[in-house]
Amino acid sequence: MANNSIHGMWSSRLAFILAASGSAVGLGNIWRFPYLASDNGGGAFVLVYLGCILLVGLPIMAAEILMGRHGRMSPVNTLRKLTSEGGHSKGWVVIGWIGMAAAVMILSFYSVVGGWTLHYAWLYVQQLFGGAPITDPGATFGALLASPGTLVFWHSAFMLMTVGVVAMGVEKGLERAVKLLMPLLFLILLGLFAYGVSTGKVGQAFSFLFTPDFSKIDGNVLLAALGQAFFSMSLGMCGIMTYGAYLPRDISIPKVAGTVAIMDTTVALLAGLAIFPVIFAFGLDPAGGGPGLIFTSLPLAFNDMPFGIPYALAFFVLLAVAAWTSSISLLEPPTAFIVEKGKVSRKGAALLAAVGIWALGLLTALGFNVWSSVRVFGRDLQGAVEYIASDLMLPIGGLLIALFAAWVLRKEITRGELSDMGNGGFLVWKILCGVVAPGLVLVILYMKIFG
Ligand code: PFF
């Protein structure tokens, strides 16, 4: 059992919490959660989502961290180590491969959307200095999607920011970035939330997000909520497992997992309570907004509100920062894997991984324009990559992680890693991870695929 990872180590508990929350809190909370909530019936979706976090997300997060900490390597090699050490079937290594494939696919579209946030931040910087206002947000967003050059430019810029941090290593790159960026993110979010409260519409937003209409819950809502729980907590694709590999042995896994889950959920809800009041205050309709929701509706509001332009700039900087700390965690697993091959330095590995993912991202970027008629599973290219990776691969990866941790790994390992839990707590974790989470994932996947 190695005490240190060859890639580096988090210097403290706080460093891990910031890094893992940085991974969890991202576009998923501020961009994806609000439009999924509004497309899936508001409160009904939120309720199912919270259930998924508690019953599925939290136990699997603990499982990923403990597997990572025991293996101390990139996901594929962590699983190789765990299986060979315990004499388990090598078949389980597929968890690492699914995870890495999902990370690559998610980062490929994540970086394009990260690019949108940079583009919008830039538009508002220009407006601060007298640039033309966005009077028709639908047209502005449409023009962005229609322009391969602009999309690829910002996608490249975002990828460069990501690789710049990852290339510098765990302590000097990842840890330093999150220590700087996460406090900034919370500060901006609180500012935006305070504005939401000042519109007087926070009550309406509250009831939209928290009044469940049970008739709206169907297979699609369940799958969307489950997929979002995995996506938002960065689970099922071994990102948290990789971060767990750098976690010092004396830090309590249940405590850090709980803290990260609370941070992630709080930010999603706060983002909802910052965004929906603005949408309601300006008489906009949140329903059916889809991925464009915040890009097509909020700019209208920004035009009319006092200090709207600096507010808008803060909002898109918030999004960009949140996306940045998440994309770092998506690039880390493939980078660590390449480093472990022993042929290239970390800088070379990060660059190699980034170039490949950047190229894959062109599918998303060009899928909005040049290849807009291409349909996969009835979706455009971005939708298809997102669907396959987040709605299918993450739950399947999570299911396998849960089963492996609860039923295959030897008890000395799981009990040892979760040593500060009482026996009762450990039993609850085991039941959630071994029975409840896999059961829910299976039922929901079955309903989705055959329902
Ligand atoms: N959790 C991130 C978000 O909510 O935006 C997205 C993400 C990051 C998913 C890292 C998966 C991952 F490994």
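Quick caveat: nothing in here was measured; it's all calculated off a predicted structure. Atoms within a ligand are numbered from 1 in the order they appear, just like the ligands themselves.
- The two residues I401 and M67 have their closest heavy-atom pair at CG2-SD, 3.9 Å.
- Looking at N220 and N40, their side chains never bring a donor and an acceptor atom within 3.5 Å of each other.
- In K341, the NZ atom is not crowded: 12 or fewer heavy atoms of neighbouring residues, nucleotides or ligands sit closer than 6.0 Å.
- Screening F316, F302, Y124 for a ring pair (Phe, Tyr, Trp, His ring centres under 6.0 Å) involving Y311 leaves a single residue, F302.
- Side-chain contact annotation: E85 with H70, donor-acceptor N/O pair under 3.5 Å present.
- For W92, the CH2 atom counts as densely surrounded, since its 6.0 Å shell holds more than 12 non-hydrogen atoms of other residues, nucleotides or ligands.
- Contact residues for ligand 1 (protein heavy atom closer than 4.0 angstrom to any ligand atom): S23, A24, G26, L27, G28, N29, Y110, F231, S232, S234, M237, S326, S329, L330.
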